[in-house]
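As structure tokens, the structure follows; a few thoughts come after it.
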Protein chains: 2
Amino acid sequence: MARSASALRGQILESALRLFAVHGFRGTSLQDIASDVGCSKASLLYHFAGKEKILTELLTPAQDALATLLDRVAGLEGGRLVEETVVGYVDLTLRFRREIRLLFEDITEMSCHQDLNVMELADGLLDALAGRSQHPPARVAAWMVLGAVFITSATDDEVAPDEVLRAEMIRSALRALDHTPS
Amino acid sequence: MARSASALRGQILESALRLFAVHGFRGTSLQDIASDVGCSKASLLYHFAGKEKILTELLTPAQDALATLLDRVAGLEGGRLVEETVVGYVDLTLRFRREIRLLFEDITEMSCHQDLNVMELADGLLDALAGRSQHPPARVAAWMVLGAVFITSATDDEVAPDEVLRAEMIRSALRALDHTPS
DNA sequence: ACGATAACTGTCCGATCGGTCAGGACTGAC
DNA sequence: GTCAGTCCTGACCGATCGGACAGTTATCGT
């Protein structure tokens with residue numbers, strides 16, 4: 001049942017991306033992918049040198065797109081630089097949504113599982129950050145701040161002294177929320 | 001060698017937090033923790049019902065702190081609500097830095113490993129978002145935007161239609177960067 | 001001193017997973 | 001037809017991991 005010119009390869013990548021995005025990379029076994037595709041596990045390893053190579057091939061387009069963006073803005077400066085970078089970065093993340101999701105699935109699973117109910121609390125936090133507003137723009141901004149603070153706090157300490165880090169995180173977050181200081 | 005009142009429990013939690021923060025939850029085996037503490041793997045399972053229970057106990061204080069924060073701002077509204085929530089959330093993430101890091105370690109490891117060099121590109125992106133500035137405030141804001149867009153793009157589609165999501169992500173990001181539109 | 005309880009450990013087990021390998025099946029060139 | 005090369009598979013392997021359990025050691029109340 002040898003398929004033409006390894007159409008199987010494409011199916012493997014597609015199944016892998018979908019399963020990775022749902023159960024995470026580590027949470028998806030080669031057998032899971034093989035079952036989803038409808039082939040044997042050995043077949044995966046015929047087309048790809050290893051499990052990680054599948055992930056690599058899945059993430060490479062996004063990496064290349066990012067590299068292209070950086071090249072494009074390399075000559076810019078000032079306002080144009082920031083503007084083009086932001087727009088380009090946003091478009092890029094939207095285009096590679098599933099790829100980004102797969103990176104996060106491990107966190108989601110870890111937070112949801114067990115006795116913890118972090119997700120419920122995250123909803124409450126989102127609500128408060130949005131000022132109890134249900135307007136999509138406010139909700140999006142709330143998500144932005146949630147993610148921004150979360151990731152920035154995990155940053156290397158050397159980025160900025162703790163006091164600067166704290167003050168600037170607060171100011172930047174309030175700006176993102178379009179909050180006019182009272 | 002029965003230690004007094006299970007001082008071992010505390011050491012286990014401390015070692016686990018440190019190892020989880022470095023190698024991730026899945027990347028740290030019970031044996032790793034046991035070796036680090038200097039006891040047997042069976043001893044871990046005497047004090048904790050399972051590996052996940054260790055994680056639970058590690059994450060519970062942060063969860064409780066978040067719940068407390070939400071309680072505190074429950075009665076507020078308007079500007080005060082947003083302000084207090086942001087400050088409280090920032091302080092909270094800073095206080096539980098290591099706990100948050102452990103959630104991210106899997107991503108970091110996945111991005112660094114293999115042939116991908118995402119981290120290098122992330123540096124370039126950070127540079128551009130900061131407008132090539134090396135000032136800590138600008139760097140922090142750049143980190144904020146990097147994380148904000150990254151996480152928001154992984155959000156459920158139902159938060160906002162794609163067009164709204166895109167437009168608002170861009171506007172919010174530019175505000176966070178204190179960018180005055182040209 | 002001694003029994004009871006808590007603290008701790010060595011050893012074993014089942015399951016899972018990534019990966020290897022020899023060989024079968026199909027295809028196209030000659 | 002046949003030969004070579006590509007595609008694919010079942011069976012197997014070694015390693016790892018979380019966990020179970022019986023048994024040992026230390027602690028403490030009496």
Side-chain angles (χ1 to χ4, degrees), chain A residues 1-59 102 105-106 109-116, chain B residues 1-59 102 105-106 109-116:
Chain A
M1 204 200 287
R3 316 186 195 194
S4 66
S6 76
L8 190 56
R9 250 190 87 97
Q11 295 183 28
I12 291 173
L13 286 173
E14 195 184 307
S15 282
L17 177 56
R18 185 157 42 83
L19 291 175
F20 286 166
V22 173
H23 305 109
F25 176 69
R26 287 200 173 93
T28 305
S29 70
L30 291 179
Q31 188 57 59
D32 290 336
I33 303 173
S35 299
D36 191 74
V37 175
C39 69
S40 72
K41 189 181 62 167
S43 198
L44 303 188
L45 294 162
Y46 170 78
H47 287 289
F48 299 92
K51 192 186 178 186
E52 287 204 345
K53 293 295 183 180
I54 299 179
L55 183 64
T56 301
E57 198 140 334
L58 244 24
L59 258 34
L102 90 81
E105 199 46 41
D106 285 321
E109 202 176 328
M110 217 182 311
S111 302
C112 286
H113 222 293
Q114 66 211 38
D115 326 68
L116 300 180
Chain B
M1 206 201 289
R3 318 188 191 190
S4 65
S6 74
L8 190 57
R9 249 190 87 98
Q11 297 184 26
I12 291 173
L13 286 173
E14 196 184 307
S15 282
L17 178 55
R18 185 157 41 82
L19 292 175
F20 287 166
V22 174
H23 306 109
F25 176 70
R26 288 198 172 94
T28 306
S29 70
L30 290 179
Q31 188 56 59
D32 290 335
I33 302 173
S35 299
D36 191 72
V37 174
C39 68
S40 73
K41 189 181 64 166
S43 197
L44 302 188
L45 293 163
Y46 170 78
H47 288 290
F48 300 92
K51 192 185 179 188
E52 286 204 346
K53 294 293 183 180
I54 300 179
L55 183 64
T56 302
E57 199 141 333
L58 244 25
L59 259 34
L102 90 81
E105 199 46 43
D106 285 322
E109 203 176 326
M110 216 183 312
S111 301
C112 287
H113 222 291
Q114 66 211 36
D115 327 67
L116 300 181

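Throughout, protein chains are lettered first and strands after them, A, B, ... in sequence-line order, and every chain is numbered starting at 1. Just so it is clear, the structure is predicted and the values come from calculations on it, not from any experiment.
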Rounded distance (Å) that lies between atom [atom2] of [N] and atom [atom1] of [X]:
X      : N       : atom1 : atom2 : value
L8(B)  : dT25(D) : CG    : C1'   : 15 Å
E52(A) : dC17(C) : CD    : C1'   : 14 Å
K51(A) : dT16(C) : NZ    : C1'   : 11 Å
L45(A) : dC13(D) : CG    : C1'   : 14 Å
L55(B) : dG18(D) : CG    : C1'   : 15 Å
Y46(A) : dG24(C) : OH    : P     : 17 Å
K41(B) : dC8(C)  : NZ    : C1'   : 15 Å
L44(B) : dC8(C)  : CG    : P     : 11 Å

- Residue pairs meeting side-chain hydrogen bond (donor to acceptor under 3.5 Å, both in side chains), one or both in residues 29-38 of chain B, sequence neighbours left out, come to S15(B)-D36(B), R18(B)-D36(B), S29(B)-D32(B), Q31(B)-S35(B)
- Contacts of L17(A) meeting side chain to side chain contact (heavy atoms under 4.5 Å, CB included) (sequence neighbours excluded), chain-then-number -> L58(A), R98(A), E99(A), L102(A)
- Query: In residues 15-34 of chain B, which ones come under 4.0 Å of DNA chain C, going by heavy atoms?
  - Reply: none
- Given dT6(D), is OP1 or OP2 found less than 4.0 Å from the side-chain N or O atoms of H47(A)? no
- Item | Under-4.0 Å side-chain N/O to phosphate OP1/OP2 contact, S43(B) with dT9(C) | yes
- Note on the structure: Here the salt bridge (Lys or Arg N to Asp or Glu O under 4.0 Å) pairs for residues 21-30 of chain A, sequence neighbours left out, are R26(A)-D106(B), R26(A)-E109(B)
- Message: Other residues, nucleotides and ligands only: do more than 12 of their heavy atoms fall within 6.0 Å of NE2 on H23(B)?
- Response: no
- Query: Does E105(A) have any salt bridge (charged side-chain N to carboxylate O under 4.0 Å, His left out) partners at least two apart in sequence or in another chain, and if so, which?
  - Reply: none
- Task: Just jot down the ring-ring contact (aromatic ring centres under 6.0 Å, His included) partners of F25(B), sequence neighbours excluded, or say none.
- Result: F20(B)
